[in-house]
Each structure stands twice: as C-alpha cells, then as structure tokens.
Amino acid sequence: MLERRADGFFVEEVQLDHIAESVGTPVWVYSENQIMSRLQRLQSAFAAFSYQICYAVKANSNLSILKLFKDAGAGFDIVSGGELERVLSVGADPSTVIFSGVGKRTDEIDFALKAGIGCFNVESEAELVRLASRAKLLGRVAPVSLRINPDIDARTHPYISTGLKESKFGVPLSQAIELYRRAASDPALKVTGIDCHIGSQIGETAPLLEALDEMLKLRASLESAGIPVHHLDLGGGFGIAYQNEPDFDVEAYGRAIAKKVRGLDLTLMFEPGRFFVGNSGLLLTRVEYLKPGATTTDRSFAVVDAAMTELIRPALYSAYHEIVPLASTHELPRVWDIVGPVCESGDFLAKDRSLALTPDMLLAILSAGAYGSVQSSNYNTRPRAAEVLVSGSEIRTIRRRETLRELLAIERESLQGSL
Ligand SMILES: *Cc1c(COP(=O)(O)O)cnc(C)c1O
C-alpha cells in the first residue's frame, strides 16, 4: 500500500509526511481502496458457489472500517458483546452476524438473542446448554452451528493455531453427532450449520481443504440422522505477506472448494479478518533517539515513539514487520533494533534491521492493519494513537488520539467519591 514516488512516500494520493504533521505520531494509516480491493478479490475467487463473507471484527474493529464492510454487503464475525455493539452501531443487519468464541457470557448471549443475530457458533456442550436455557427464557429460538475442532495442524504460529486437539477451541468431531442430536431435539435451538476455524496466518490451502472434507463428512452423517445443515462455515485464517512469503492463494482455494461442493445445496461462510486489513494499514512513527553501540559487537537501538503498546505482534508472536524509513540520508546503514519507550525489554518492533537512520526521521511499519490497533494498551499510561483512513486524496481521522484526561477519567470518578 506504500508507494515511493519522486516527491516522497504515499498511501493512495496522500503523502505520509503530511499525515505525520497534521495528526502527529504514532498514527495508524489505512487505505480504503486497498481494503475494498481485497474484499473484491475474495468475492471473485468465490463466485462459483453460494457464499457469505463475515468480516472478523477482532482484526480491526474501528467503526469506520466496519462501515466500509457493511456498505460492501459483508456480514460480521464477532467474539464479544462489545463487538456486537460495534456492528449494530454501524447499521449491520443482525441476521448477517455470527457469534464465535469459547467464553460467551450470559449477558452477551441475551444481547445477541434479542438482537436476532444469524448464528451462534457454539464451542462446548456447556455453552449449548446455557444458550438453550437463555433462548427458552427469552422466548426466542437460537440459530446454532457447532464449532468443530477437526484436529488438523494449520501449520502456523502455535499462539494462532486453533484446530488442534490440545487447543481450547471447538468440540471434538467424536462428540459432534451427539451434540447435534441434542440441539436438533431442543425447541429453543435451530441447527443451521457447521463451523470450523483452524487458525490464523495460514499459508497453504491444504489444511483448510482437509477441514472442509471433515465437515462434508459430518454434514453427510447429520443428513442421514435427519438433521439438515444449511451452511458450512470454514472460518478465516488466510495468510498475508509480511516479508517475502506469498499471499494465501484464495483463487486456488475457491476453485478447490467449488469442486468439492458442486451439486450440494449449501452456503459456504467465511470469516477472514487479516486478509482484508493486514496489508491495508501501516503504523507511522518517528525516531526519537539513536543509541548506536559502542563497538561493532554491541547492539544499536533506534528508539521510536511507537511501542509494544501500539503494536504488540513482534513481542507476542515474534512477528516480522517491514520497516521503511521515509527519508534518505547520507548516513551509512547500520544494524538497528527498533524499540519503543516502554519499560520492558520485550518492547521492540523489529530486530537486526540494516537501515540508514537519523533522529526525527519518520518510519513506516508495514502490514500493521490487522491485530495492531485493536491490541493497543495504555501500559505506561500511554494514550492510544490516532487512526486515519485515506481514500484517494482524502484523509479522515477515524479515531482521534486519546487524551490523558480521558484516560484518567474513570479512575478520577472513584477518587472523588472517596474524598
Ligand atoms: C480470529 C478469528 C477469525 C479471523 O482470523 P484471520 O486470521 O484474521 O482471518 C475468524 N474466525 C474466528 C473464530 C476467529 O477467532
């Protein structure tokens, strides 16, 4: 999304220096056209069968970004009552909303039942029991799909692998039929589909297609047991390029799915997040200080104004993010660790990067649109950064920088009460 031109670095028609000057740093910058073209790419890849895309809200839940998806006809995959509040507030049709997650609280279930969401992706027997009792109490019928854990290795980072037996997610295939029987016989529940999500940042189509095979088998068994299934939800998890790796091949995936489901009366659902927004956003930061090592064997640190409080992915998953200096200099390149001001040795954004840097230089941290701003924290009492959406030559601040006053307000309340 970052384009180098003779007169600087651009996102669409906006020069990044201009954003840094007008909004300050650190700041998240997203490209509307990039997000929408990724959505269109998936829509064309899946055109040969009936499908519904439910954007995984947790990847980037900014209301203006949710609005883009809603206006483009996408549904939503949520994992909390908070995310339900978000999608309803941008006018999402509740019937396009599916609710995933292992720990749905009673108040969240009630909220979703009253809103009339499209499907609950149920992750345990205990949850099924709770959902049925709440639905009965509220006089509703809960649409359900069981999240199956197919015990398939998504071959990704262990923290974002969710389809193995040892993971907390979903119900094992061996218990599925029995649970579906219970759901089908409960008048407070309506079985609508089968769900599965085996992990994130998946590079190959093979594990996802293996999961699809398992789900098709389960669907056939359920049909024989007299339990019809209208949709298969294959989850999200499509990987993107952070370094040199190729994007997940959605076109090949779409072709393979089309072959497997030909002739079946089924809608396929997908819950991608990262695929749309990951490479559609960057984090803009400024170098505060340079601390070159005293000898060639000592580490050299570039201290920037962004930190793990903005982007925790390097610390949490050893994630790689490309760093691009937005100015040139006559300084020679040196191997730098790019670190933030937070008082933790784990507070780094990149390690061992050969870059020519000077103080005050702007840096773009690429591929930061997914699982970036949403994982921000206020650690070290750092107000959360602003977010900006670029569309053509237009810039819109879609979340202004948090102020210290706002950050302290809910603690001041109790201080006043006790004085
Ligand atoms: C996180 C998550 C997704 C989205 O994963 P991506 O890798 O961002 O596509 C989809 N479904 C569920 C259930 C999830 O937990």
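Residue numbers start at 1 and run along the sequence shown. This one's a predicted model, so the numbers in the text were calculated from it and none came from an experiment. Remember, it's 1-based here, ligands and their atoms both numbered in the order they're listed.
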Parallel, tilted or perpendicular: ring planes of Tyr55 versus Phe69, cut at 30 and 60 degrees: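 Because their plane-to-plane angle is under 30°, the rings of Tyr55 and Phe69 count as parallel.
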
Geometric class of the Tyr30/Trp28 ring pair [parallel <30°, tilted 30-60°, perpendicular >60°]: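 The arrangement is parallel - the two ring planes meet at less than 30°.
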
Considering only heavy atoms, does [X] approach ligand 1 within less than 4.0 Å through its side chain, its backbone, both, or neither?
X	result
Val79	neither
Glu271	both
Ser200	both

Atom indices of ligand 1, in the order listed, that fall short of 4.0 Å to a heavy atom of [X]:
X	value
Arg147	13 (C)
Tyr371	1 (C), 4 (C), 5 (O), 6 (P), 8 (O)
Pro272	9 (O)
Asp77	10 (C), 11 (N), 12 (C), 13 (C)

Side chains of Leu208 and Tyr253 in contact at under 4.5 Å (non-hydrogen atoms):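 In short, these two side chains touch, coming nearer than 4.5 Å.
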
Backbone or side-chain N or O of Gly273 under 3.5 Å from ligand 1 N or O: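 Yes, since at least one N or O of Gly273 sits under 3.5 Å from an N or O of ligand 1.
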
Close N or O approach (Ser100, ligand 1; < 3.5 Å): no

Set of residues satisfying ring-ring contact (aromatic ring centres under 6.0 Å, His included) with respect to His231, sequence neighbours excluded: none

Distance-only donor-acceptor check, side chains Ser376 and Arg384, under 3.5 Å: no

Between Thr192 and Ser145, a side-chain donor and acceptor under 3.5 Å: no

Ligand 1 contacted by Ala370 (non-hydrogen, < 4.0 Å):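 No, that is not the case, since the closest heavy atom of the residue is not under 4.0 Å from the ligand.
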
Residue-ligand contact Gly237/ligand 1, heavy atom below 4.0 Å: yes

Listed once per pair and sorted, the ring pair (Phe, Tyr, Trp, His ring centres under 6.0 Å) pairs that draw on residues 93-145, sequence neighbours left out: none

